[in-house]
Amino acid sequence: MSDAEERAATGLPGESDAVVLDAKGLRALAHPVRVQLVGLLRKHGPSTATRLAERLGVNSGTASYHLRQLGAAGFVEEDVERGNARERWWRSVHQTTWFNDPDLATREPEATMAYLQSVAATYTLRTQRALNELQAMPRAWRDTFDMSDWPLRLTPEEAAALQAELRAVISRYRPDVPAEAATAPHGAQRVAVITHLLPELDAPTASLAASTPATDEGPEPS
């Protein structure tokens with residue numbers, strides 16, 4: 001369902017470098033800074049708390065604390081080949097995170113909402129960042145930018161089918177993972193496809209008594 005800056009999801013099920021959230025992982029990611037830290041490490045590769053803090057606009061102590069929490073939950077790990085006595089380097093353990101357990105959402109409602117709010121905030125930041133950089137992009141890339149919505153009236157089953165079809169379409173294209181980057185054609189750049197399927201349920205029908213005008217029986221006697 002989500003990319004932890006993704007997604008805490010943009011990959012597709014079955015990827016060897018994906019992790020499915022359990023209760024411990026859900027609680028660990030229920031913070032916007034942690035969602036963004038995981039996303040930055042996945043997008044840009046290994047880094048230090050200081051460099052990540054600069055990207056996020058937080059102090060290095062805050063970034064370091066959240067990285068340790070992510071490490072304890074298994075989302076990131078220390079990159080011992082890069083680190084030294086003066087600074088620790090961190091890398092992401094997985095490329096995508098999946099949250100697709102309805103029972104978990106029922107058991108952990110507060111952590112679920114905190115996690116989804118963090119993911120939504122991260123997506124908003126990414127969209128705003130792309131907008132801020134849009135005018136400086138080459139024309140070919142500016143022309144690919146799109147923000148659209150299509151109101152539909154579907155049953156839950158049809159909505160689930162639509163979601164599966166969208167995932168199938170995306171899976172036909174080259175994922176942005178290190179193994180693919182080396183063989184990508186010239187001019188290929190990272191493109192974020194962020195999908196939202198948002199149920200907007202109709203308001204309950206007003207009761208007959210509330211919607212029926214009162215009967216006019218004439219003026220009250222004086």
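- Hydrophobic clustering (ILVMFWY, side-chain heavy atoms < 4.5 Å, transitive): Tyr65 and Leu52 are in distinct clusters.
- In this structure, the side chains of Arg34 and Leu67 stay at 4.5 Å or more apart for every pair of heavy atoms.
- Under a cut-off of 6.0 angstrom, the local environment of CZ in Arg55 is sparse, with at most 12 non-hydrogen atoms contributed by other residues, nucleotides or ligands.
- Side-chain contact between Leu166 and Leu197 is absent, with no heavy-atom pair separated by less than 4.5 Å.
- With Glu78 as the fixed residue, the side chain to side chain donor-acceptor pair (under 3.5 Å) test singles out one of Arg68, Arg91, Arg88: Arg88.
- A salt bridge links Arg153 with Asp202: at least one charged nitrogen is closer than 4.0 Å to a carboxylate oxygen.
- Applying the side-chain hydrogen bond (donor to acceptor under 3.5 Å, both in side chains) criterion to Arg51, with sequence neighbours excluded, gives no partner residue.
- For the pair Ala49 and Trp90, the tightest heavy-atom approach, listed with the atom from each and the gap, is N-CD1, 4.5 Å.
- Between Ala28 and Phe75, the shortest heavy-atom contact is CB-CE1, 4.1 Å.
- Leu162 is listed as a side-chain neighbour of Leu152, based on a closest heavy-atom distance under 4.5 Å.
- One finds a salt bridge joining Arg139 and Asp143 here, because a Lys/Arg side-chain nitrogen approaches an Asp/Glu carboxylate oxygen to under 4.0 Å.
- For the pair Lys24 and Ala73, the tightest heavy-atom approach, listed with the atom from each and the gap, is CE-CA, 3.9 Å.
- Side-chain contact, Thr106 with Asp103: no donor N or O sits under 3.5 Å from an acceptor N or O.
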Yes or no on side chain to side chain donor-acceptor pair (under 3.5 Å) for Arg126 and Thr122, after CA distance, side-chain angles and deciding distance?
-> CA-CA 6 Å; Arg126 295 183 67 189; Thr122 297; over 6 Å; no

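- Connection of Val169 to Ile194 is not established within any shared hydrophobic cluster, with ILVMFWY side chains joined at heavy-atom distances below 4.5 Å, either directly or through further cluster members.
- Surrounding OH of Tyr173 are at most 12 heavy atoms belonging to other residues, nucleotides or ligands under 6.0 Å away.
- Side-chain contact between Thr96 and Trp98: present, with at least one pair of heavy atoms (C-beta onward) separated by less than 4.5 Å.
- Counting heavy atoms from C-beta outward, Asn59 and Thr62 have side chains that approach closer than 4.5 Å.
- There is no path of hydrophobic side-chain contacts, each under 4.5 Å, that joins Met113 to Leu29.
- Within a 6.0 Å sphere centred on CD of Glu180, other residues, nucleotides and ligands contribute more than 12 heavy atoms.
- Residues Leu26 and Phe99 meet the side-chain proximity criterion, which asks for heavy atoms closer than 4.5 Å.
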